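Scroll down for the structure; my scribbles are underneath it.
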Number of protein chains: 2
Amino acid sequence: MIRCKKCGEVGYIKKSGKVRGRQRYYCKDCKVYFSEEQEDKSPVAHQHQVTITDLARHLNLSASTVSRALHKHPDINLATQKKVLDLAARLDYQPNMLASSLVKSKSFTIGIVVPEFINSFFPNVILGAEEVLAKAGYKLVICHSNESYEREVENVKLLLSSRVDGFLISLTQETKKYDHLKAIVAKGIPLVLYNRICTEVDVPKVTVNDYEGAFKATEHLILNGYRKVAHIAGPQTLQIAQSRITGYKDALKKYEIPVNEDWIRHCDLSFEGAKRTAAYLFDLENSPDAIFAMNDTIAVEVIQLAKMRGISIPAQLAVVGFSDDIIAQFIGLTTMAQPVREIGKAAARLVLQRLKNRDVHIESKILSTSLVIRSSSSHNH
Amino acid sequence: MIRCKKCGEVGYIKKSGKVRGRQRYYCKDCKVYFSEEQEDKSPVAHQHQVTITDLARHLNLSASTVSRALHKHPDINLATQKKVLDLAARLDYQPNMLASSLVKSKSFTIGIVVPEFINSFFPNVILGAEEVLAKAGYKLVICHSNESYEREVENVKLLLSSRVDGFLISLTQETKKYDHLKAIVAKGIPLVLYNRICTEVDVPKVTVNDYEGAFKATEHLILNGYRKVAHIAGPQTLQIAQSRITGYKDALKKYEIPVNEDWIRHCDLSFEGAKRTAAYLFDLENSPDAIFAMNDTIAVEVIQLAKMRGISIPAQLAVVGFSDDIIAQFIGLTTMAQPVREIGKAAARLVLQRLKNRDVHIESKILSTSLVIRSSSSHNH
DNA sequence: CTGTTAGCGCTTTCAA
DNA sequence: TTGAAAGCGCTAACAG
C-alpha cells in the first residue's frame, strides 16, 4: 500500500503510469506521480549514480533548492546550503554533465583532432591547449584521426554529436576535401586550425613561420659549405609542406644555387616512406651532400640509413630536421625548433576568444621558429 | 495573432508559458503549447543545431517516428524512413548524444586516464584501446593526470560527471590513496587498471610480467660478463617498480652476486631525475659496470651522460632499458620490450567484458615481455 | 505503421 | 528563501 507523500492518500495505479518497467502511482488529489522508491530514504547510492533529486528527497527539499545550493546561488539560506553540500559530499554526488549541458546547450568542452601520436609534437600541443582551457573552465576531448581522412570526418561528427563548444583541428595528410570543416563553420561553432591547416576555410589558424624556418634551415646548410642540398618534403596536400618547399627553394636562389627538382622528394609521414625516400636520394648518381627534411622523424630515418651505409655525418652528409622533437637531442640532430606547447596554447586562446565574441574577426597567429644546431650539420657540435 | 497548429484556435497567452524568455502560447482545446517558431518551416539550421523535432516539424511527423527512422527501426514505412534520412543528410543533422545518453543512462564512452605523454608508451596504449573499443561501438575519452595525484582525482570526477560507462586507469607516480578508485567501484562502474596498478582495489588489471622481465634483463647483463650491475628503479609508490626491483635482485641471487643496496636507486620519471641518478652512480667510488634502468627514458639519459663523460658503451658500461620505446632503436638501446598496443587492447577487452556481465569475476591479464638486444649491452650489435 | 505521453537529470523563470 | 512548472533533445511504452 503506497501512499502519497503529500496528502497521505492511497496511490492510484494508472495504467499509463508505468515508466521503464517500474510501476508508478498517481495521487488524484495532489495530481502528482510517485513511485515506491520514494518511500526509501536510505542514503545509499545503489544502481544509478546519485542525482540532485536523490539529495532533494533525503533532505525534504525541492530539486531547485538543491541545485541552487550546489551552485552557491546567493538567494539561499546558508544553513540549507551547508546541509546540501554535506550530503552531496557524503554521498559522493557527481553532477550529471549530460543533463546540465543539455539544458544549457553548452558543454564547456572543446574537441581537439590530432592526426597522429607518433612524434612528441601533438602530445605537447595537447598539453599546451589543455593548460589554457582548464584555466577557463573548459575540458578538452581528444580525438585522433590516425592520418585517415575518413576518421577525421568521423571524429568531427562525433564531436559535433557530443556538442563540443569549439574545435581545434590539425588535418591529416590525406585531407583534400573540407566539407566537414565548412559544416562546423556553418553551424556557427568556433573552429581553429593549427599546424596542418588549409586555406579553403576562413577560420583563425595557428602556425609557425614555415617558410622562414625552411629558408633558414637551408641557409644554415649552405653557409656551412654544403652546396648540394636536397629536401625531403611532406605530402603535397599539406599546406606546411608547400611553405617549407618554397622556403627551401628561395634560400637556394638567394645563394644562386640552381634548384634541382630531382632533389625535392615528397614523402608520406611514415617511417617506411622516409626510409624509401632517403634511399632514393642516396642511390642517385649525383647524390646530395645535405638534406633538409620536412620533420625530425624523417631526418632521423635519414641518419639511420646513412649510418647503416657507412656515410659519415656531417662529413659526407649533413642533415637538418624540423620541430625539435625530443628525439632530436638524443640523435644530435640539427633542427628548426617550433614552440610546440605554445601552438596548443595559442590555438586554445583563439577558440576561447571566438567563444566570447562570435562576431569579431579573429587574427590568425604565426609563431616563430629557431634553429638548434647540433652535430648532424656542424663539426663543432 | 498566433493560431494553434491543430485546431486553428487563437493561442491563449499563459503567464507561466514563457520559457527561456520566449513567449509560448497555449491552446485550451488541444491542451498543447506552441510558439511562434513553430510557424517557421524554413529548413535552415540557424542558431542551434538541427534536432529531431526540427526534422519532425519539416516533415509533419512526430519526433518518435523520426527517431525510429534514424535508427532504422523495423516498424517503419520505408518511404517515411527515406524521407527522414534524406532530410537529415540535407540538414546535416547530428544526433545529440547528450540527450540520448541521458535517457538511456548510457554514454557508450570509456574514460582512459594516462599519467604522462612523454614516452610513446601511453599513446600506443590509447591506440590499442581505441581500436578494440571502436569495434564495440564505444568512444574513448582521454584524460591525462600529468603525474599529479590531484589531477588524477579531478580526472576521475570529470569522467564520472561525463557518465562514462567504464574506466581505464594508470596511476601517477604520486598516487598513494585510492579512495577515488574505490568510489568508482562503489558506484558499480567497471574499472580496469593497467600498467601502473595497485593492489588496494579489487578490479581486473593488465600488466606485463615485470618481475620476469626485470629478471631476464638483469640476467642478460650478467651473462654478458657484467658483474657490477646497478638498477635505477622507479618511484617507490609504483607497484611495477617494486616488481622490477625484485626481479633484478633475484637474478643477482641466482648467480650468487651479492646485492649492493647502494646500487639500487629510486628515481622519479623525469629527465632531470634520471640524469641526477645516473650522475650519482657514475660518481660512486665503486661504480657499476652495467645499469638496468626502470624504463627507456631513464636508460637513454644514462647513455647521454655516459657519452658526455667519455664512458664507452658497452665496453665500460652496459645499459638495458624497459619498454622498447621508439627511441630505443635509434639509440641502439637493449631493452625489455612490452606489447604496448596489446596492453591497451587487453584493457579495453576487460572493461567491455565487465560491461557485458557485471557480476562474473574477471581475471587480470599478464602479458609477456621479450628482450631486444642492441648495441648498448652487446659488442655484436 | 505512427502518434502520444512520460521521463532521463538538470536549470530557470515565476509565484508564493 | 523556497517550490512548482516547463523544457533541453531524445527514447520507449503504449495506444490506436
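Being a predicted model, the structure only gives us computed values, none of them experimental. Letters go in sequence order (proteins before strands), and every chain restarts at 1.
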* Asked: Want to settle it: does A:Ala63 or B:Gln81 sit nearer the 5' end of DNA chain C, counting the closest nucleotide to each?
  -> B:Gln81
* **Flag, side chain of B:Gln49 to backbone of B:Gln94, donor-acceptor distance under 3.5 Å** => no
* Asked: For the side chain of B:Asn155 and the backbone of B:Val113, is there at least one donor-acceptor N/O pair under 3.5 Å apart?
  -> no
* Asked: If you look at every strand shown and take non-hydrogen atoms under 4.0 Å, does A:Thr80 touch a base, only sugar-phosphate, or nothing?
  -> sugar-phosphate
* To do: Classify the nucleic acid contact of B:Asn96 as base, sugar-phosphate or nothing, counting any heavy atom under 4.0 Å across all strands shown.
  => sugar-phosphate
* Of the nucleotides D:dA5, C:dG3, D:dG9, which has the atom closest to the B:Ala99 side chain? -> D:dG9
* Is B:Leu61 touching bases, backbone alone, or none of the nucleic acid, heavy atoms closer than 4.0 Å? -> sugar-phosphate
* Asked: Considering only heavy atoms and no angle criterion, is a donor-acceptor pair shorter than 3.5 Å present between the side chain of B:Arg68 and the base of C:dG3?
  -> yes
* 5′-ward residue of the pair A:Ser64/A:Leu98 relative to DNA chain C -> A:Leu98
* Touch check for A:Leu102, heavy atoms < 4.0 angstrom, all strands: base, sugar-phosphate only, or nothing? -> base
* B:His71 has an atom NE2; how far is it from atom P of D:dC10, in whole Å? -> 9 Å
* Counting side-chain heavy atoms from C-beta on, which of C:dT11, D:dG3, D:dT11 comes nearest to B:Lys104? -> D:dT11
* Kindly assign one of parallel, tilted or perpendicular to the pair A:His180 and A:Tyr149, based on the angle between their ring planes and the thresholds 30° and 60°. => perpendicular
* Asked: Hey, does A:Ser105 reach any base, or is it just sugar-phosphate, or nothing, if we go heavy atoms under 4.0 Å?
  -> nothing
* Looking only at side-chain atoms of A:Ser67, point me to the closest of C:dT12, D:dG3, D:dG9. => C:dT12
* To do: Check every strand shown and say whether A:Asn77 touches a base, only sugar-phosphate, or nothing at a heavy-atom separation below 4.0 Å.
  => sugar-phosphate
* Between B:Ile52 (CD1) and D:dA12 (P), how many Å, whole number? -> 11 Å
